[in-house]
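Comments concern the structure below.
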Protein chains: 2
Amino acid sequence: MERAKLDRSSETVEVEWSAGGVDWFPYVWLRDNCQCSECFQVDLNKRLVLTSRLDLDVAPDHANVQDRGSTLHVTWPDGHRSQYDWQWLRDRCFSPQARADRETRWRRKKQLWGAELFTNLPTADFPALLSDDRALYDFLFLLDTIGLVLVQNVPRQPGQFLQLANRVAFPKMTFLGSCPEVPLFIAQQVQMMHCIKQTESEGGASELVDAFNAAYQLKQENPDAFKLLTTVKVNFHRIGKAEPKHHMKERHHIISISDKGEVQKVVCGKHSRDSVLDVPLDQVKPFYRAMRAFDDILAHPRNCIRYKMKEGDILAFDNLRVLHDRTAFSLSGGERHLQVGYVDWDETYSRMRVLQAELGIQE
Amino acid sequence: MERAKLDRSSETVEVEWSAGGVDWFPYVWLRDNCQCSECFQVDLNKRLVLTSRLDLDVAPDHANVQDRGSTLHVTWPDGHRSQYDWQWLRDRCFSPQARADRETRWRRKKQLWGAELFTNLPTADFPALLSDDRALYDFLFLLDTIGLVLVQNVPRQPGQFLQLANRVAFPKMTFLGSCPEVPLFIAQQVQMMHCIKQTESEGGASELVDAFNAAYQLKQENPDAFKLLTTVKVNFHRIGKAEPKHHMKERHHIISISDKGEVQKVVCGKHSRDSVLDVPLDQVKPFYRAMRAFDDILAHPRNCIRYKMKEGDILAFDNLRVLHDRTAFSLSGGERHLQVGYVDWDETYSRMRVLQAELGIQE
C-alpha cells in the first residue's frame with residue numbers, strides 16, 4: 001500500500017495500492033473485523049467481539065500505512081488500535097470485480113466429461129489412500145472436480161468402505177446402516193461402491209454419466225426444456241416397509257442451479273418420482289418432453305461411460321452429479337456382491353481444507 | 001365422479017365430479033402414473049415402468065367411470081388397462097387452486113411464539129418417549145410446529161441423548177463425535193441438549209428465541225433490512241485445530257426464505273461469520289444496520305424465553321429456527337455438565353410419516 005486516508009463523507013478508509021489503483025474499506029466493517037487477539041481468534045477464524053455491541057457510526061481518529069506498505073494502522077476514538085495486513089485487505093475488496101472473482105472461487109471449477117473419460121479414468125490406489133495424505137487429497141480433488149474416481153487394489157472383504165470413509169470424515173449413517181448392500185434411491189452426496197464379487201455373466205457393467213455436462217448440453221440445445229427442469233418442483237419418495245421402516249420425501253427441481261446459473265445438483269429418481277405433478281395443465285406435456293430431451297442426452301453414447309467393476313474396485317462418485325446405472329445381468333453368471341457407502345460433501349470439503357493447510361497446497 | 005370423456009384437442013381426460021365441477025388429466029400423465037401392479041408398487045410408492053420408454057403422444061382408446069363413480073377406467077391402444085381411484089385423482093388435480101393447496105401442505109404450518117410461550121412450554125416425558133410411539137409422534141410434532149420441546153425426567157447420566165436419537169432415527173455423527181459436550185457453531189438441524197449437572201450460580205439460563213417469528217417482525221417493521229438479510233450471502237467458518245481437525249465452511253443468507261417467501265432457516269453465527277463481505281460498498285453500512293435491526297428484535301423481551309435447565313432435562317429444538325444462547329455464569333457456582341446431540345430433519349420427518357401411518361393419524 002502507498003497511503004491511506006479517511007474519507008469522512010463515504011465513511012471509508014481509502015487505500016492506494018503500491019501497484020496502482022484505489023480501494024475503499026468502510027469504517028464499520030474495519031472495526032467489526034479488527035484482527036487483534038482481543039477481537040478475533042485467527043487460527044479458528046472466530047469473532048470474539050459481538051457485532052451487536054458495535055457502534056455502527058464509529059469513525060477512526062487516524063489511519064495510515066506502515067511497515068513499508070504492508071500494514072494499515074487504524075486508531076479508534078476509544079483508543080483501540082487495529083492493524084490490517086495488505087494482502088488480507090486485498091482479498092476483501094468491495095469492488096465489483098473483486099466480488100465477482102470471489103464468487104467464482106467459492107467452489108472449484110468442475111471439469112465436465114463425456115465418453116472420452118473412459119480411456120483416461122481417474123484412479124487412486126487404496127493402500128496409498130489409507131496411509132498417504134497427499135494421495136488422499138488428490139483423490140478428493142478428483143472426486144470434486146471430475147466427480148468420479150476408480151479406487152483400485154481394495155481387499156475383497158466386506159467393510160473396506162468404512163476404512164476409506166474414516167480417512168475422509170466418517171461414514172454417513174443411513175436407514176440401511178453405514179455400509180448397506182443396496183444403494184439408497186434418495187440421493188446421498190458422495191457414493192462409494194465396493195465390488196467384492198462380480199458376476200461372470202455378460203452384463204453387470206456400470207453406466208456412468210456426467211449429468212452436469214448433460215444439463216449444460218440441454219441448456220444449449222433446448223433452453224425451454226432446461227427452464228422447465230430447473231423451475232418445476234418434483235416430489236420424490238423412498239419408502240421402506242421392512243425394519244428399519246422409513247419414508248423419506250424430498251421436493252426439488254430435477255436440475256438445481258445456483259443464482260448464477262451453475263448446475264449444482266441433478267436428481268432424476270426414475271423410480272422415486274411422485275405422481276403428484278405441480279405444473280399448470282398446459283405445461284404437463286412440455287414437462288414430459290423436457291424430461292425426455294434430458295433423458296436422450298443422458299443416454300447419448302457421447303456422454304456415457306460403461307465400466308464393469310472388477311473385484312477389488314471401489315467406484316467413488318459425486319452422487320449429486322454423476323448418474324449411475326448398471327446393465328442387466330443374468331444370475332447364471334454367479335452372484336454379485338457389492339457394498340455401498342456414503343459420505344457428506346460438507347465433511348469431505350472440510351477434510352480437503354485441513355489437508356490443504358497441512359500439506360501447504362496452493363490452488 | 002359422474003362421467004369421464006376424452007378431449008382429443010387438449011389430450012386430456014375430462015372428469016366431472018359428483019359434487020360438481022370438472023378437472024382435466026393429461027393422457028401422458030395418466031399413462032405414466034398407471035397404478036397397476038405391473039407399472040407401480042403402491043406400498044413403496046415406486047415406479048416400475050420407466051418414463052423414458054413412454055410414448056409421449058399416447059392417447060387412450062376409451063375412458064369411463066365405473067364402480068358407482070369411484071374409479072376411472074382407461075384403456076390404452078396396446079390393450080393395457082389402467083384404473084384410478086377418484087380420491088387419488090382428486091388429490092392430483094392440476095387446477096391452480098389444487099396446486100396452491102398442495103404447496104401449503106408440503107410443510108406443516110409453524111406456530112410462531114414469543115415470550116408468552118414460557119408459561120406454556122411444550123413438554124414431553126422421557127420414559128414415555130422411549131416406550132410409547134404416540135408420545136414420540138406428539139413430541140416430534142411439537143418439535144416441528146413449535147420448534148422447541150422440554151423433555152423431562154431424563155436420567156442424570158451421560159449418553160441419554162443417544163437413546164432418544166435412536167428412537168427418532170440415529171444420532172448424527174459430527175466432528176465432535178455423536179454426543180459431544182459443546183455445541184457445534186455450524187448449525188445442525190435438530191439439537192438436543194441434556195443437562196446432567198447444572199451450575200448453582202445465578203446465571204447459566206438458556207435464552208431461546210423463535211427466529212422465524214423475529215424474521216417476520218423484521219419484514220413488517222423494516223422491509224429493506226429483511227431484503228438485505230435474505231439476499232446477501234455470507235460465509236461462515238468453523239475451524240478446529242485439535243483432533244479431529246476440521247474446517248467447515250458454509251455460504252448462505254442470514255435469513256433463508258422459500259420461493260413463496262416463507263422463512264426456512266435463520267443462521268446468525270455471531271462468532272463464525274466471515275470477514276469477507278460480498279456487497280457493494282454503499283450497501284455495507286445498510287447491511288450492518290439490517291443485522292442490528294434483526295438483533296434488536298431477536299433480543300426484545302417480547303420474543304425471548306429465559307429458562308434455566310434443570311438436571312434431568314433435555315432441551316430439544318429446531319436449530320434452523322430457534323436461536324439459543326445462555327446467560328453468563330460464574331464457575332464458583334460449581335461445574336455445569338451438558339451433552340449435546342444432533343438429528344437430521346429428513347430422518348425426523350421420515351420417522352413421523354412412518355408413525356403417522358402405523359398409528360393411523362390424520363392431520
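Just so it is clear: chains get the letters A, B, ... in the order the sequence lines come, proteins before strands, and each one is counted from 1.
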Over 12 non-hydrogen atoms of neighbours within 6.0 angstrom of CZ in B:Arg8: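 Enclosed: over 12 neighbouring heavy atoms sit under 6.0 Å from CZ of B:Arg8.
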Check against side chain to side chain contact (heavy atoms under 4.5 Å, CB included), A:Arg353 and B:Ile239: CA-CA 10 Å; A:Arg353 289 183 199 108; B:Ile239 299 181; over 6 Å; no
Check whether [X] reaches the backbone of [Y] with its side chain - one donor and one acceptor, N or O, closer than 3.5 Å.
X: B:His247; Y: A:Ser350; answer: no
X: A:Arg47; Y: B:Gly269; answer: no
X: A:Trp29; Y: B:Val276; answer: no

Between [options], who has the most heavy-atom pairs with chain B when the cutoff is under 4.5 Å?
options: A:Asp91, A:Asp296, A:Leu54; value: A:Leu54
options: A:Met352, A:Met291, A:Arg289; value: A:Arg289
options: A:Gly240, A:Ser52, A:Pro26; value: A:Ser52

What part of [X] gets within 4.5 angstrom of chain A, counting heavy atoms only: side chain, backbone, both, or neither?
X: B:Arg251; answer: both
X: B:Leu44; answer: both
X: B:Arg102; answer: side chain

Please state whether the side chain, the backbone, both or neither of [X] comes within less than 4.5 Å of a heavy atom of chain B.
X: A:Glu11; answer: side chain
X: A:Asn235; answer: side chain
X: A:Pro280; answer: both
X: A:Glu358; answer: side chain
X: A:Leu56; answer: both
X: A:Asp278; answer: both

Side chain to side chain, [X] and [Y], heavy atoms closer than 4.5 Å:
X: A:Trp88; Y: B:Ser275; result: yes
X: A:Glu347; Y: B:Met248; result: yes
X: A:Phe94; Y: B:Leu277; result: yes

Atom of B:Asn45, atom of A:His237 and distance for their closest heavy-atom approach: ND2-CD2, 3.1 Å
Pairing of A:Asp57 and B:Lys285 as salt bridge, 4.0 angstrom limit: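 Here A:Asp57 pairs with B:Lys285 in a salt bridge, since their nearest N and O are under 4.0 Å apart.
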Positive for side-chain hydrogen bond (donor to acceptor under 3.5 Å, both in side chains) with B:Thr51, one of A:Lys270, A:Arg292, A:Arg273: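 Single side-chain hydrogen bond (donor to acceptor under 3.5 Å, both in side chains) partner of B:Thr51 among A:Lys270, A:Arg292, A:Arg273: A:Arg273.
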